[in-house]
Amino acid sequence: MTAEIAGSLDDTVTGLPRANGELVFEQPWESRAFGIAAALADQGLFSWKDFQGGLIAEVARRDGEPGSTATTTAGSARSKSS
Amino acid sequence: MSADPRSADRPPAALRAEALEELLTERGLVKTEVLDGFINRYVNDVGPLNGAKVVAKAWVDPDYRERLLADGTGAIKELGFGGPQGEHIVVVENTAEVHNLVVCTLCSCYPWPVLGLPPNWYKDPAYRSRAVREPRALLAEMGLPLADDIRVRVWDSSAENRYFVLPRRPQHTDGLTEEELAALVTRDAMVGVAEVVS
């Protein structure tokens, strides 16, 4: 699927991405963290299921805390172990 | 109250994400253009409009509706929508008797090819727990009070199955084209927290 991807990053991507009138990412780092996880899984460094296992554990740990950073943490945990 | 021993002296998320990206790029594990491609794709190209087209087609084409309910991923692929998080899409149909609601209780599993990335409320702990514990109250708060005689089914999306709601076609839409119907379908209706109105 990588081959289908077109276009490159510009300011609008990390600026105010909206789908259906709503922000997809609240902060630029969220989009980077998403991109890292998606790209690594796409390249086969880990399966999405493995990533998800890390994400679920991190979400469980952080539920209830404001400003969750579960995605970044799960991403770093997974890439360290691969 | 916080039991997280790491939180006090951890750098902010933005710095950690940046450091992680830099490290992975340096080591050649991630190509910046691939990463940017994913972000672009899910910010600009893949979103609820895909799902809306699927719903509209199912409304006007009974054979397609049948295929969609039997094999969500396959029928969605017919319209050209596929990719990550779309491997096992299960389509559940709202009727006069049953209303379907989708949640991911453990994290944020979501059918990306038809809905794009999940909205923030979908990832919220309150939504994830209340959708299971008290779906009727939650739906009423989100603007969808359901009559008592309508059964609510709650579907917990996971790595195995990602659920997608086929909403009811609104009344008085007989004269509309497939495109016009698609324009009525909202993301919220395909998650099951709203109905489609004409």
Side-chain angles (χ1 to χ4, degrees), chain A residues 1-10 12-14 17-43 45 47-49 51-53 55-65 67-76 79 82, chain B residues 1-4 6-7 10 12-21 23-25 27 29-49 82-85 87 104 106-109 112 115-121 123 125 128-129 158-160 186-188:
Chain A
M1 72 151 292
T2 311
E4 301 166 22
I5 294 168
S8 62
L9 187 75
D10 59 40
T12 58
V13 172
T14 48
R18 285 169 197 278
N20 232 16
E22 207 172 291
L23 286 172
V24 174
F25 299 108
E26 284 198 327
Q27 296 179 43
W29 73 261
E30 296 177 352
S31 70
R32 304 311 295 173
F34 162 75
I36 291 169
L40 287 174
D42 184 60
Q43 289 167 182
L45 274 100
S47 72
W48 193 260
K49 209 169 172 174
F51 173 78
Q52 208 159 33
L55 183 61
I56 287 170
E58 200 52 35
V59 167
R61 202 174 66 80
R62 287 176 175 262
D63 263 359
E65 289 180 29
S68 166
T69 55
T71 308
T72 339
T73 316
S76 44
S79 47
S82 61
Chain B
M1 175 73 197
S2 172
D4 181 1
R6 294 183 287 173
S7 57
R10 281 175 118 197
L15 281 181
R16 281 185 286 135
E18 198 184 321
L20 186 62
E21 182 181 339
L23 199 65
L24 290 165
T25 313
R27 293 193 180 179
L29 293 169
V30 160
K31 286 196 175 71
T32 304
E33 59 269 27
V34 174
L35 195 155
D36 294 343
F38 270 104
I39 298 171
N40 255 338
R41 185 175 154 91
Y42 286 98
V43 167
N44 299 321
D45 302 335
V46 180
L49 184 59
Q85 314 301 298
E87 295 88 352
C104 170
L106 291 180
C107 51
S108 49
C109 296
W112 293 0
L115 292 183
L117 299 178
N120 281 311
W121 55 259
K123 301 180 261 185
R128 286 166 26 227
S129 59
S158 67
E160 281 73 38
T186 63
R187 178 209 49 213
D188 288 4

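From a predicted model like this one, the values you see are computed outputs, not experimental measurements. First the proteins, then the strands, lettered A, B, ... as listed; each starts at 1.
The minimum heavy-atom distance linking A/V59 with B/C107 is given by the pair CG2-CB, 4.3 Å. Minimum heavy-atom separation, B/F38 to A/A39: CE1-CA, 3.8 Å. The minimum heavy-atom distance between A/I36 and B/A17, with the atom names listed, is CD1-O, 3.8 Å.
With sequence neighbours excluded, the residues satisfying side chain to side chain contact (heavy atoms under 4.5 Å, CB included) with B/T25 are B/E21, B/T32. Under the side-chain hydrogen bond (donor to acceptor under 3.5 Å, both in side chains) criterion, A/K49 pairs with B/E160, sequence neighbours left out.
For the set B/L35, B/L23, B/L15, B/V30, the count of heavy-atom pairs under 4.5 angstrom toward chain A peaks at B/L35.
For the atom pair B/L117 CG and A/E30 CD, the distance stands at 11.0 Å (nearest 0.5 Å). The CD1 atom of A/I56 sits 8.5 Å away from the OG atom of B/S158 when rounded to the nearest 0.5 Å.
Taking 4.5 Å as the limit, some side-chain heavy atom of A/L40 sits within range of a side-chain heavy atom of B/L29.
Heavy atoms of A/A60 lying under 4.5 Å from chain B are absent altogether. The contact between B/Q85 and chain A is made entirely by side chain atoms (from C-beta outward), counting heavy-atom distances below 4.5 Å.
Within 6.0 Å of CD in B/E87 there are more than 12 heavy atoms belonging to other residues, nucleotides or ligands.
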